[in-house]
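Index from 1, following the sequence. Just so you know, these numbers come straight off a predicted model, no measurement behind them.
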Amino acid sequence: SYTFPCYRWLVGDKVVVELREGTAKKISDDTLPLEISHRKAELQERQKIYRWLAWAPSIPKCIDAKSEADLPQDARFDNEKRSDFVGSLHYALLELSLKKLAIKFGKSWNDLDDFKRIFWKLRSPIAGNNHKMFTFLSLVLIFLNTMDSWKSASNICVSLSLLLQEGNIFLVDYAIMDGIPANVIRDRIQHIASPLCLLYEHPEKGLIPIAIQLGQKPDKDTPIFLPSDPPLAWLLAKMWVRHSEFQVFQLLSHLLRTHLVVEVICVSTLRQLPAVHPIYKLLTPHLRYTLEINCRGRTQLLSMDGIFKKVVSTGGDGLLILAQREYKVLTYRSLQPKFDFLDRGVTKLKDYFYRDHSMMLWNVIQNFVSGIVSLYYKSDSEVEQDSELQAWIHDVAVEGFVDVPHFGLASELKTKEELITLLSVAIFTSTAQHAATNNGQFDWCAWVPNTPCTMRHPPPTDKDAVTMGMIMDTLPDISQSCVEMAITWHLGRAQPDAIPMGQYVEQYFTEPAALRVIDKFRKELKELEEQIIAQNEGLELQYLYLCPSRMENSITI
Ligand code: OYP
């Protein structure tokens, strides 16, 4: 496979050969004019190859490439990864047709058991894996104030004020879905709702839904569904919530907040940091394959003839509008787990493994980053005076994260601490956060009624009129379900050529001091792994997505 150069081999005044080994150097560590001019020449060359592109307005910028074929060889999948990527999807689709399914477009399933016919290799427990959507209390109050019909829902109204005081009612609000244009698939309009769902934290059972409204405003056609309603009505209401969850989870938590955020870091790093730069060496293993997977995502998944357009309710214009809405309110603060949990009011939620593992991982990553940064930057002023680093942050904050009014990342780095936080965000997002959103996909989406990719009928307005036939005609049809299963399996399965978190196979750093920092990082990851395994032992529903050994070093899928 191709090796990434980190050291220049000078012949005359030309860079002829580049090797991987060598001491990391900031521009101020290079003293010879020739060395400095080579740094400049390398960056000029890279800036010609790696250019910014606004794929669409009001989302982060990306790499200028029409498809992955336009990318330089250094940024491409190697052969093993490429043939596996293409082969695995074919395998999944073949596996589905081997089950002798009559894959007819527009054909509904007969009943819920029918979905099991496409349940091959793996069976998964039912729940959700998007952690971004719980918000606490203040929103609950707004919700309650707008709801006259609560008065009639006496069975829960009685205890509600008490529960609110105890702080164990949570709201999942899909307001961002309100008014998103729905896809038209084979001449049939699909449907989108913007539900509100109240969850109660039961002392033993954990979070359970207690009330659902399938639109932002209550009225006679937007009733509040309750567990005491006719069972099929309550079931369909929950499916509607989960359909919104599919969209928000895939497009916002997964695509925008991991893939697209890390692509900005990736392009900036390639454009602004020479290969000998310590920060280039630190980041590069965490950026492997991200450009190619994102190019494939744009051309094969999100484009006007891509998979979303074919089977997902937000395919076509909807997905971009949704991403633009989220990007408008995206903050750098929310990419830091500590603040994210605080701001969402979920610091006290019990058995919230995603939160606990994220916090532990953040600390381990931050220690590691801080160890490396301190080797090369002795003071804040060394950060301030590193002109390459300043050009890098400018590219990140001004070029990449363009048009994002409240983002809150300055275009200059003034202190070591600011640098450490940003690098920790980059590494946390490309490892832990991506694993948390990507790796559970098949577990939660394979049972299609649990997380449907589209809805073919509007939300129910009459609780008493919901039938199983209506549910089946609303859920994805047989062919849409098969595609959802195939793609989520393809993306969520363990990747055959994965480099696990903290494994640095392409030794970028060679200094003993840097290697010691890496060793310590790996030791701490191993301890964390043992802690997570021990915590999960004997649990019926395990949460192992944030085991370092199961996480990749970068976003490669
Ligand atoms: C790229 O050969 C990616 O058609 C996935 O994209 C699938 C393909 C290409 C298609 C391969 C082919 C990965 C990057 C990304 C992302 C985040 C959003 C993922 C959403 C997945 C939704 C799957 C369900 C569809 C019904």
Asks: Without hydrogens or angle criteria, can the side chains of Trp362 and Ser424 be said to hold a donor-acceptor pair below 3.5 Å?
Replies: no

Asks: List the steps and the verdict of salt bridge (charged side-chain N to carboxylate O under 4.0 Å, His left out) for Glu292 and Arg296.
Replies: CA-CA 6 Å; Glu292 172 147 358; Arg296 284 180 183 268; 3.0 Å; yes

Asks: In chain order, what residues pass the side-chain hydrogen bond (donor to acceptor under 3.5 Å, both in side chains) check against Glu80, with sequence neighbours excluded?
Replies: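 Expected list: none.
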
Asks: List the steps, then state whether side-chain hydrogen bond (donor to acceptor under 3.5 Å, both in side chains) holds for Tyr545 with Asp443.
Replies: CA-CA 11 Å; Tyr545 305 120; Asp443 291 350; 2.6 Å; yes

Asks: Any side-chain donor-acceptor pair under 3.5 Å between Tyr354 and Gln433?
Replies: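 Side chains of Tyr354 and Gln433: pair found under 3.5 Å.
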
Asks: Donor-acceptor pairs are to be reported for all side-chain atoms of residues 394-407 against protein atoms at under 3.5 Å, with residues two or more places apart or in another chain.
Replies:
from	atom 1	to	atom 2	distance (Å)
Asp395	OD1	Trp52	NE1	3.4
Asp395	OD2	Trp52	NE1	3.3
Asp395	OD2	Arg271	NE	3.0
Asp395	OD2	Gln272	NE2	3.1
Glu399	OE1	Lys61	NZ	3.0

Asks: Using the side-chain hydrogen bond (donor to acceptor under 3.5 Å, both in side chains) criterion, which residues pair with Gln390? Sequence neighbours excluded.
Replies: none

Asks: Output all residues satisfying side-chain hydrogen bond (donor to acceptor under 3.5 Å, both in side chains) with His254, sequence neighbours left out; order by chain, then residue number.
Replies: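 Per chain and number, His254 pairs via side-chain hydrogen bond (donor to acceptor under 3.5 Å, both in side chains) with Gln250, His259, His434.
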
Asks: Using a 6.0 Å distance limit plus a 45 degree cone around the ring axis, check whether Lys26 lies over the aromatic ring of Tyr376.
Replies: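 Because its charged atom misses either the 6.0 Å distance or the 45° angle limit, Lys26 does not stack over Tyr376.
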
Asks: Would Asp78 and Arg82 pass as an ion pair if we require N to O under 4.0 Å?
Replies: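 Here Asp78 does not pair with Arg82 in a salt bridge, since their nearest N and O are not under 4.0 Å apart.
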
Asks: How long is the straight-line distance from CZ of Phe521 back to CG of Asn367, given to the nearest 0.5 Å?
Replies: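 Separation between the atoms: 9.5 Å.
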
Asks: Under the side-chain hydrogen bond (donor to acceptor under 3.5 Å, both in side chains) test, which residues partner Glu412, sequence neighbours left out?
Replies: Lys414

Asks: State plainly whether the residues Asp317 and Lys309 are in salt-bridge range, i.e. N to O under 4.0 Å.
Replies: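 No, Asp317 and Lys309 are not salt-bridged.
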
Asks: Any chance the side chains of Glu245 and Tyr174 put a donor and an acceptor closer than 3.5 Å?
Replies: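 Side chains of Glu245 and Tyr174: pair found under 3.5 Å.
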
Asks: Within the distance-only criterion (no hydrogens, no angle test), does the side chain of Lys416 pair as donor or acceptor with the backbone N or O of Tyr377 below 3.5 angstrom?
Replies: yes

Asks: Please give me the minimum heavy-atom distance between Arg76 and Ala69, naming the atom from each residue.
Replies: NH1-CA, 3.7 Å

Asks: Students often mix this up, so state it plainly: with edges at 30° and 60°, are the rings of Phe308 and Phe246 parallel, tilted or perpendicular?
Replies: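 The arrangement is tilted - the two ring planes meet at 30° to 60°.
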
Asks: Hey, is Glu263 close enough to Arg298 for a salt bridge, meaning N to O under 4.0 Å?
Replies: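 Here Glu263 pairs with Arg298 in a salt bridge, since their nearest N and O are under 4.0 Å apart.
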
Asks: Has Thr451 got a side-chain atom pairing as donor or acceptor with Trp444's backbone, closer than 3.5 angstrom?
Replies: yes

Asks: If we ignore hydrogens and angles and just use 3.5 Å, is the side chain of Thr510 paired with the main-chain N or O of Gly22 as donor and acceptor?
Replies: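 Answer holds: yes.
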
Asks: Parallel, tilted or perpendicular: which describes the rings of His357 and Tyr543, with under 30° parallel and over 60° perpendicular?
Replies: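 Ring orientation of His357 relative to Tyr543: tilted.
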
Asks: Short question: side chain of Ser430, backbone of Ile427 - any donor-acceptor pair under 3.5 Å?
Replies: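 Yes, because the side chain of Ser430 sits within donor-acceptor range (under 3.5 Å) of the backbone of Ile427.
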
Asks: Compute whether any side-chain donor of one residue and acceptor of the other, for Ser334 and Arg257, lie under 3.5 angstrom apart.
Replies: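 Looking only at side-chain atoms, Arg257 and Ser334 do form a donor-acceptor pair, the distance falling under 3.5 Å.
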
Asks: Any chance you could lay out the side-chain contact (heavy atoms from CB on, under 4.5 Å) test for Tyr50 and Gln47, step after step, and finish with the verdict?
Replies: CA-CA 5 Å; Tyr50 299 101; Gln47 287 169 19; over 6 Å; no

Asks: Donor-acceptor pair, distance only, cut-off 3.5 Å: does the side chain of Asp340 make one with the backbone of Gln336?
Replies: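 Not at all, since once roles are kept as given, no pair shorter than 3.5 Å links the two residues.
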
Asks: Any ion pair linking Glu45 and Lys48 (charged N to carboxylate O, less than 4.0 Å)?
Replies: yes

Asks: Mind listing the closest non-hydrogen atom pair of Trp489 and Ser88 along with its distance?
Replies: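 Scanning both residues, the minimum pair turns out to be CZ3-O, 3.3 Å.
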
Asks: Between side-chain atoms of residues 550-557 and protein atoms elsewhere (two or more places apart, or another chain), which donor-acceptor pairs fall under 3.5 Å?
Replies:
from	atom 1	to	atom 2	distance (Å)
Glu552	OE1	Thr556	OG1	3.1
Glu552	OE2	Thr556	OG1	2.8
Asn553	OD1	His286	ND1	3.4
Asn553	OD1	Gly502	N	3.1
Asn553	ND2	Gln503	O	2.9
Ser554	OG	Arg288	O	2.9
Thr556	OG1	Lys81	NZ	3.2

Asks: Verify side-chain hydrogen bond (donor to acceptor under 3.5 Å, both in side chains) between Thr314 and Gln247, making sure each step is shown before the conclusion.
Replies: CA-CA 7 Å; Thr314 51; Gln247 317 303 327; 2.6 Å; yes

Asks: Run the side-chain hydrogen bond (donor to acceptor under 3.5 Å, both in side chains) check on Asp30 and His38 step by step: do they pass?
Replies: CA-CA 10 Å; Asp30 263 342; His38 283 138; over 6 Å; no

Asks: Do the charged groups of Lys520 and Glu524 touch, with an N to O distance under 4.0 Å?
Replies: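 Yes, charged N to carboxylate O under 4.0 Å.
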
